[in-house]
**Q** 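My questions all concern the structure below.
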Amino acid sequence: MLMLKKLWVVITSEINNANSIEILDKLKIKYLGKNGIFNNYMRNLKNFSFEEKKEYSIIINRIKKKTISKIYEKKIELNKSILKKRIENEKIDISLPGRRFENGSIHPINHTINCIKNFFYQLGFQSVNGFEIEDEYHNFDALNMPKNHPARDSHDTFWLDKNRLLRTQTSTMQIRIMKLEKPPMRFIFPGKVYRNDYDSTHTPMFHQIEGLIVEKNINFSHLKWIIYNFIYNYFNKKVVLRFRPSYFPFTTPSAEVDIMTDSKKWLEILGCGMVHPLVLKNVNINSNVYSACAFGLGVERMTMLRYGISDIRTFFENDLRFIKQFKYI
Ligand code: DAH
């Protein structure tokens, strides 16, 4: 009896100390296996009297049952702590901020082009992009600027060969589209143009938007109406502006439009006029039936005015500190 009592003490301490499933499994075999301690006890009972056998076997079976359930409970406990450790090890720190992608944004020049396009779309204009490599005919001759015409000098042209050049103005598209389409027509031509010039107000590449309307009875008052509305819309307020008589070989009459800046100075923002009858003749449009008006503006200048930018070169230096200031929704 005493021995058996001691056995339970040993079993409990051994099971309590088992700190892994492997050790517990070994204990299970040691006590409950075929050749385990309990079976040995039972086998040894054969040497005892009937009464003793009865008494001891009851006790042995009781301890055996207790051992089974103790091992079972210990196994649950061990599995729990194993799971707990695993969860702790595999823990994801969800408070850590994710790695962000750098979002790009629309370049201010493209943004201005989009704004201007959207205004003219509302008036039924279509937008067409043209070639940046042009020939002398479309860039100059057909626009009433024949060889030796003094107006050519102001264009500082990049010539590619005797005939081909990087276009100096989007007005080339007037010729191309009027040859291609039948009136009535309303177009804008946004795009890059090139002139060999570089300082705080000039870059060798810049952007223009050309406008062209060819219709019956179109006259200068229509042109004025469109330009007034366009400028008010673009600056989102009634800026003071004036039409100043000017000269362009391909329009007559011609004008330049100035706006009054905050510092009360006139600043030129675009050129415009009624398309010259000689130009219409060059594209086989009868100027007795149709008339046409046109305008051309510099996108960089418009953008600089809107955002108070003083050096045109900042647009193209790709300095992210500059570009990132322009976030449009
Ligand atoms: N092409 C001219 C330039 O680059 C701008 C211009 C003036 C365009 C008058 C026009 C216009 O369509 O009518 O200086």
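Computation of the quantities below employed the complete heavy-atom set of this structure, encompassing side-chain atoms and omitting hydrogens, waters and symmetry-equivalent molecules. Start at 1 and go down the list; that is how both ligands and their atoms are numbered.
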**Q** Which ligand 1 atoms are under 4.0 Å away from a heavy-atom of Thr251?
**A**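 Matching atoms, with element in brackets: 13 (O).
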
**Q** What are the two closest non-hydrogen atoms of Arg195 and Gln208, and how far apart are they?
**A**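 Heavy atoms only, the tightest pair is NH2-NE2, 3.9 Å.
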
**Q** Give the numbers and elements of all ligand 1 atoms closer than 4.0 Å to a heavy atom of Ser171.
**A**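 Answer for ligand 1: 1 (N), 8 (C).
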
**Q** Would Arg195 count as a contact of ligand 1 if the rule is a heavy atom under 4.0 Å away?
**A**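 For ligand 1, residue contact (heavy atoms, under 4.0 Å) with Arg195 is present.
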
**Q** Do the numbers put Arg186 on top of the ring of Phe120, so that NZ or CZ is under 6.0 Å from the six-membered ring centre and no more than 45° off the axis?
**A**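 Arg186 over Phe120 ring: no.
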
**Q** With atoms numbered from 1 as shown, which atoms in ligand 1 lie under 4.0 angstrom from a non-hydrogen atom of Gly271?
**A**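 It comes down to these atoms of ligand 1: 7 (C), 9 (C), 11 (C).
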
**Q** In terms of hydrophobic clusters joined by side-chain contacts under 4.5 Å, are Leu143 and Met185 together?
**A**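 Yes, because Leu143 and Met185 connect within a single hydrophobic cluster, where side-chain heavy atoms sit under 4.5 Å apart.
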
**Q** Starting from atom 12 (O) of ligand 1, find the nearest protein heavy-atom neighbour and note its residue, name and distance.
**A**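 It is Glu210 OE2, 2.6 Å.
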
**Q** Where do Ala142 and Ile175 come nearest, in terms of heavy atoms and distance?
**A**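 Heavy atoms only, the tightest pair is O-CD1, 3.6 Å.
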
**Q** Looking at Ala294, which atoms of ligand 1 are within less than 4.0 Å of one of its heavy atoms?
**A**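 Those of ligand 1 that fall under 4.0 Å from Ala294 are 12 (O), 13 (O).
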
**Q** Return the minimal non-hydrogen interatomic distance between His155 and Phe140, and the atom names on each side.
**A**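 For His155 versus Phe140, the nearest heavy atoms are ND1-CE2, 3.9 Å.
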
**Q** Is it the case that the ring center of His138 lies less than 6.0 angstrom away from the ring center of Phe131?
**A**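 They do not qualify: ring centres at least 6.0 Å apart.
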
**Q** With atoms numbered from 1 as shown, which atoms in ligand 1 lie under 4.0 angstrom from a non-hydrogen atom of Phe248?
**A**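 Heavy-atom distances to Phe248 below 4.0 Å select 7 (C), 9 (C).
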
**Q** Considering heavy atoms of the protein only, find what lies nearest to atom 1 (N) of ligand 1 and give residue, atom and distance to 0.1 Å.
**A**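 Checking every protein heavy atom, the shortest distance to atom 1 (N) of ligand 1 gives Gln169 OE1, 2.7 Å.
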
**Q** Below 4.0 angstrom from a heavy atom of Gln208, which ligand 1 atoms are there? Numbered from 1 as shown, please.
**A**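 Taking each heavy atom of Gln208 in turn, ligand 1 has 3 (C), 4 (O) under 4.0 Å.
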
**Q** Centroid-to-centroid, Phe230 to Phe125, below 6.0 Å?
**A**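 Ring centres of Phe125 and Phe230 not closer than 6.0 Å.
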
**Q** Please identify which atoms of ligand 1 are closer than 4.0 Å to at least one heavy atom of Gln174.
**A**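 Per the distance check, 12 (O).
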
**Q** Relative to the heavy atoms of Gly273, which atoms of ligand 1 are at a distance of less than 4.0 Å?
**A**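 Counting from 1, the qualifying ligand atoms are 13 (O).
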
**Q** Looking at Val275, Leu223, Ile226, which one forms a side-chain contact (heavy atoms from CB on, under 4.5 Å) with Ile213?
**A**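 It is Ile226, the one option of Val275, Leu223, Ile226 that forms the side-chain contact (heavy atoms from CB on, under 4.5 Å) with Ile213.
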
**Q** Which residue and non-hydrogen atom of the protein lie closest to atom 11 (C) of ligand 1, and at what distance in Å?
**A**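 Closest protein heavy atom to atom 11 (C) of ligand 1: Phe250 CE1, 3.5 Å.
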
